[in-house]
Amino acid sequence: MPHALRARSICQRFGDRVVLDEVDLEVPAGRVIGLLGPNGAGKSTLMRILFGVLTPDSGTVEWRGRPATEDDRRSWGYLPQERGLYRDMRVADLLIWIARLHGLDKATGRNRAQDLLDRLGLADRAGDKIIDLSGGMAQRVQLAAAMVHEPDLLVLDEPFSGLDPVAVEFLSTVIVDHVASGRNLLFSSHQLDLVEDLCETITLLDRGRVVLHGDLRELKATSPDRYLRVDVAVEEAWIDPGLATVVATNASGTRLRLHPGADPGVVLDAVRARAAVSSFGVEAPSLSELFLAAAGRPADGARALEEEVVR
Amino acid sequence: MKRYGGIRLVAAREVREALRRRSFWVVAALLLVGSTAAMVLPEVLGDDGPKRYKIATVDGSPRLDAGLLSAVRALDATLEVRSVADRDAARAAVEEDDVDLAVVAGGERNTIVAGSGNDALVAMVQQALTRESVRSRLEQLGVPGSEVDNVLAAPPPAVERLDPDSNERRAASGAISTLLYILLLSLSVQVATGTAIEKANRISEVLLAIVRPGALLFGKVVGVGIVGLATLACAIVPVLVKGAVGGDLPEGLGAAVVGSAPWVLIGSALYLTLGGALGALVERQEEAGSAVMPLTLALVGSFFVAQGAPESPLASVLAYFPLTSPLVMPARIAVGAATPLEMAISAGVGVAAVALVVRMGAVVYRRAIVRTGRRLKLREVLRTSAGTRRAAVAATVRSPA
């Protein structure tokens, strides 16, 4: 299947700040694509460029092999990072209005709005003002607004931020359903651990550059890095520094990065000599670890660093 | 979607949401009731009939009564004469407001006893009494009464007042410029605030993915403009209806209302578009008011000139400037100071300015609406574009390598 959406060599700068530097992005059909990276990596800017909200300094956006036109873009659905709704409007009125902006007639818009509100469990709030809804409900209305014209491509910018676990589960189902019906979807997130199980294909962005992209399973399989997980707290001194390094310790145990060529059995024995291990495993890197290896720094550390700079 | 479909839908939403707000109906009703009252009340009160003056006389006579009658008739009023005993009784009657004035006849000369005010009545009575005494003296000298009447019937001199309706015209001009001032000020703030809300709440980001920035800006301008003009119509329609049915309008008001229409449209287009562009610069909704400060200053300045000196040389200059003409020109039309040539040039400049501002406003809006994080300066938005273009050129040059 060819790429439905493709961005090539996108460059964008704001003043002296380079936000995107020669970024390529591909969205193949029928797969859940994650555009991932720390805050400030340029994900939202790239999405705005995809939608023509921003015109890039250079680079092209192609839809089905041709440069994307305004009509193409209007056929897509966009959930921006920061929720934007007219707070004084009634839920159904807003959805019908958005449908009409997409070129649908009023009756079709009304039917679609009704369907979506049923699916999203908001049928009884159709006549309420948006200001009277809870945050989670407003988020669903926003999602409905992005889907009311049954878009071929759905682009969700940080759809999971601020959601409770139930809402995360619900949204994941919506995403998987959309893709399962043969349509295209791209979403962004900085919470790599949260979306690890959802993503099939990833593009990792850091400081405006693509540091890694491809099929997530393949990337994990081909990564030379291996990790040993044990369910006890391991101290750095227990292990020969030439074999492995402790990368994380938490309540459920310790994660050690095995150095190239190190035998996991030897490392495990070194731990077992000090503590009783009841559960362990040799694992491919997690999404965060892939990012760390590609970008040379942790995704969360980047955020802390940035906040420091701002202060 | 058709080319103007986006503008139409955005405008329709503005109108629909405005009609849902109670404040719109309250303002519209107040204006309609106020304007209708101002048009109808003078007619109703005018049907009260002629005023009736009461005059007390001491030592009156039929000829005195006849003289008084002719005096009040000249004032379109009727007369009630009552006799009192003496000068003190006459004074008491005047002081207690039982009568409008009193005439004490006899003796060397007649005396009029009056309180303050009633100047016209006092003057007319004085004239009548003078005429009466001239007549009786001539009769004493042997001139026949009929000849005396002939002589006295000579018509009084006519008075020619220059600019007879000056006050009415000034009032009409003041009313129109006040109305337009309030209209343009509130509407441009409304567009700026609406734009700021959309930017701050990131509504614009959703919409920009669907419609062009121009459709968002001008849809809002058209929508808010329609609502504003509908509000204005509530104040204007009673005036037009009264004029159409042949009612008595203050001098200059009808012409000014009709003649102002082009400047109302030009002014709305200019101020609302600029309001939207300036509103797109802000980061928070509360900053919208200060963002439109330049517009507010232009409006306040032209308001004072339109109110205070619509015929001054300053006003005749400001009538040509697009930001000041929407208030100054209608005021000049109302006072009759605008020449057709001046109106044509001013309207032409205004239309050209609208064309320019529509383009510039769309550019500023498009660039500013997606740049969040802090309040932008107009100059910076206009300048950045040049920087972006240079960067784009540099990138294009670099990319083949």
Side-chain angles (χ1 to χ4, degrees), chain A residues 8-16 18 21-22 44-45 47-59 70-71 73-90 93-94 96-104 106 109 129-130 142 145-146 148-149 151 155 157, chain B residues 1-3 5-14 16-18 20-21 194 197-216 219-220 285 366-367 369-374 376 380 383-400:
Chain A
R8 292 200 216 209
S9 308
I10 303 286
C11 292
Q12 174 72 54
R13 62 172 71 206
F14 292 133
D16 296 332
V18 178
D21 186 7
E22 297 284 328
S44 295
T45 304
M47 287 184 163
R48 286 177 182 172
I49 287 172
L50 295 180
F51 274 91
V53 173
L54 277 176
T55 307
D57 294 336
S58 66
E70 267 186 48
D71 284 339
R73 288 175 161 133
R74 206 177 299 123
S75 75
W76 307 342
Y78 181 36
L79 179 79
Q81 176 173 12
E82 297 182 65
R83 314 292 171 239
L85 295 168
Y86 286 110
R87 291 141 58 91
D88 290 336
M89 274 185 98
R90 286 157 173 78
D93 284 353
L94 177 82
I96 295 168
W97 184 66
I98 299 256
R100 296 193 67 198
L101 283 180
H102 279 293
L104 300 176
K106 207 170 187 172
K129 285 188 177 184
I130 284 160
Q142 183 92 60
V148 72
H149 57 300
V155 176
D157 195 359
Chain B
M1 191 158 41
K2 285 182 241 55
R3 184 153 175 226
I7 294 187
R8 195 171 49 78
L9 281 167
V10 173
R13 195 200 74 86
E14 289 291 337
R16 204 173 45 239
E17 294 297 308
R20 281 206 163 136
R21 282 195 285 273
I197 289 176
E198 284 168 13
K199 185 182 182 186
N201 291 353
R202 306 293 191 265
I203 297 163
S204 51
E205 199 162 323
V206 181
L207 300 183
L208 285 173
I210 311 175
V211 295
R212 292 193 189 95
L216 277 190
K220 183 172 279 295
Q285 176 188 342
R366 193 180 67 229
R367 289 177 186 157
I369 196 80
V370 292
R371 289 183 59 184
T372 56
R374 66 192 173 80
L376 305 166
E380 158 188 40
R383 186 148 36 89
T384 319
S385 66
T388 313
R389 256 202 303 278
R390 273 198 301 279
V393 171
T396 325
V397 169
R398 192 182 49 202
S399 55

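Just so it is clear, the model here is predicted, and its values are computed rather than measured. Letters A, B, ... are given to chains in the order of the sequence lines, protein chains preceding strands, and every chain is numbered from 1.
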Heavy-atom nearest pair, Arg74(A) first then Ile210(B), reads NE-O, 3.0 Å

Hits for side chain to side chain contact (heavy atoms under 4.5 Å, CB included) against Arg90(A), two or more places apart or cross-chain, chain-then-number order -> Asp93(A), Lys129(A), Arg20(B)

Could you tell me if the side chain of Trp97(A) sits less than 4.5 Å from the side chain of Arg16(B), heavy atoms only? yes

Give the C-alpha distance, both sets of side-chain angles, the deciding distance and a yes or no for side-chain contact (heavy atoms from CB on, under 4.5 Å) between Glu17(B) and Tyr86(A).
CA-CA 10 Å; Glu17(B) 294 297 308; Tyr86(A) 286 110; over 6 Å; no

With Val53(A) as partner, the option from Leu208(B), Ile369(B), Leu207(B) fulfilling side chain to side chain contact (heavy atoms under 4.5 Å, CB included) is Leu208(B)

CD1 (Ile130(A)) and CG (Asn201(B)) are apart, to the nearest 0.5 Å, by 11.0 Å

Distance col, row Glu205(B):CD vs Phe51(A):CZ, nearest 0.5 angstrom, shows 10.5 Å

Sorted by chain and residue number, the side chain to side chain contact (heavy atoms under 4.5 Å, CB included) partners of Gln142(A) (sequence neighbours excluded) come out as Leu79(A), Pro80(A), Arg83(A), Leu85(A), Val206(B)

How about Arg87(A): does its CZ atom have over 12 heavy atoms from other parts shown lying under 6.0 Å from it?
no

